[in-house]
Amino acid sequence: MASIGISIHPNAISLNNSSAKRHLFSARKLHLSFPISCSAVGNGSQKENSSQFKELRNVACGLLATWAVTAVSPVIAANQRLPPLSTDPDRCERAFVGNTIGQANGVYDKPLDLRFCDYTNEKSQLKGKSLTAALMSDAKFDGADMTEVVMSKAYAVGASFKGTDFTNAVIDRVNFGKADLQGAVFKNTVLSGSTFDEAKLDGAVFEDTIIGYIDLQKICTNKSISEEGRAELGCR
């Protein structure tokens, strides 16, 4: 097991990894956990028990712990990047306007925070909107008309889209992890680079869905897709 130590001198901070340098970034792939130790090295003229030195040591150890968590667990790091819930009282209504800046790359002038919003049976105000880089986790779109909507780099983990109509929509690089998509309609929908890990796809319609081979292989691993849906997708 790899271990990382930090040596603190009054005038310098250095990191030491007991593993070979060429293995420094291997933890990112292996998701290893490792102990973190901090040690201090002083000299005759500058003692460790000075308040300034103790503060420096604590800051350095905190930075090391933060780096270790980020390097070892990209999933945790990704979750930490989510901003706090917007305090804008009209944040849910902003979906009716959408966001059209930098659609392909998910660039926006202001975060489109739709988390926990309820659009159940919304039949008119979401059609054709651009929801670029929208935060949609735990929101409800059940029965909503989202035909021709453009969703690029949206985060919809845990959201509910039961019976949502995505006909002619462009759904690009959307994370639908653990989302409820039962009965959702993806007729003539572009599904590119999107993930459906642990999503519920029972009764979802994939008629004439446009999807790449690699994306098809991934979505076909979802066991909740009905036999009809698998046939429409061309799952083997």
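Start at 1 with the first residue, then count along the sequence. Just so it is clear, the values below take in all heavy atoms, side chains as well, and ignore hydrogens, waters and symmetry mates.
Side-chain contact check for Lys153 versus Thr132: every heavy-atom pair is 4.5 Å or farther apart. Taking the side chain as every heavy atom from C-beta outward, Phe141 and Val149 never approach each other to under 4.5 Å. Taking the side chain as every heavy atom from C-beta outward, Leu85 and Asp113 approach each other to under 4.5 Å. Two residues are said to be in side-chain contact when any heavy atoms from C-beta on lie closer than 4.5 Å; Met146 and Phe161 meet this criterion. Between Met136 and Leu112 there is no side-chain heavy-atom pair separated by less than 4.5 Å. Side-chain contact check for Thr189 versus Ile171: some heavy-atom pair is nearer than 4.5 Å. The shortest distance between side-chain heavy atoms of Arg115 and Tyr155 does not fall below 4.5 Å.
With 3.5 Å as the limit, one finds a donor-acceptor pair spanning the side chains of Thr147 and Asp145. With no hydrogens or angles considered, a side-chain donor-acceptor pair links Asn168 and Asn188 at under 3.5 Å. No hydrogens or angles considered: a donor-acceptor pair under 3.5 Å links the side chains of Ser192 and Asp172. Defined by atom type and a distance below 3.5 Å, a donor-acceptor pair is missing between the side-chain atoms of Ser86 and Asp88.
A donor-acceptor pair is defined here as one N or O able to donate and one able to accept, closer than 3.5 Å; such a pair exists between the side chain of Arg230 and the backbone of Cys220. Under the 3.5 Å distance criterion, the side-chain polar atoms of Tyr119 are left unmatched by any main-chain donor or acceptor of Ala95. Looking at Lys218, its side chain never comes within 3.5 Å of a backbone N or O of Ser194 through a donor-acceptor pair. The backbone N or O of Gly128 sits nowhere less than 3.5 Å from a side-chain atom of Glu148 that would complete a donor-acceptor pair.
Taking the six-membered ring where tryptophan is involved, the planes of Phe176 and Phe196 are essentially parallel, since the angle between them stays under 30° and well short of 60°.
Scanning both residues, Lys129 and Val97, for their nearest heavy atoms gives CD-O, 3.9 Å. Listed here is the closest heavy atom pair of Ala156 and Val174: CB-CG1, 4.3 Å. For Ser224 against Ala199, the heavy-atom pair with the smallest separation is OG-O, 3.3 Å.
With respect to Phe166, the side-chain contact (heavy atoms from CB on, under 4.5 Å) criterion is satisfied by exactly one of Leu181, Val185, Leu191: Leu181.
Residue Glu232 holds its CD atom at 12.0 Å from CD of Glu227, rounded to the nearest 0.5 Å. Taken to the nearest 0.5 Å, the CG atom of Asp215 stands 12.5 Å off from the CD1 atom of Ile210. The CG atom of Asp202 lies 13.5 Å from the NZ atom of Lys223; values are rounded to the nearest 0.5 Å. Separating the CZ atom in Phe96 from the CD atom in Gln125 is a distance of 4.5 Å, to the nearest 0.5 Å. Atoms CG and CG, on Leu201 and Leu233 in that order, are 9.0 Å from each other to the nearest 0.5 Å. For the atom pair CD (Glu228) and OG (Ser226), the distance works out to 5.5 Å, reported to the nearest 0.5 Å.
By the rule that hydrophobic residues join a cluster once side-chain heavy atoms approach within less than 4.5 Å of another member, Leu135 and Phe116 end up as members of separate clusters.
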Audit row: Ile211, Ile219, side chain to side chain contact (heavy atoms under 4.5 Å, CB included) steps and yes/no: CA-CA 10 Å; Ile211 185 170; Ile219 196 173; 4.0 Å; yes
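The pair Lys140-Asp142 does not count as a salt bridge, with every side-chain nitrogen at least 4.0 angstrom from each carboxylate oxygen.
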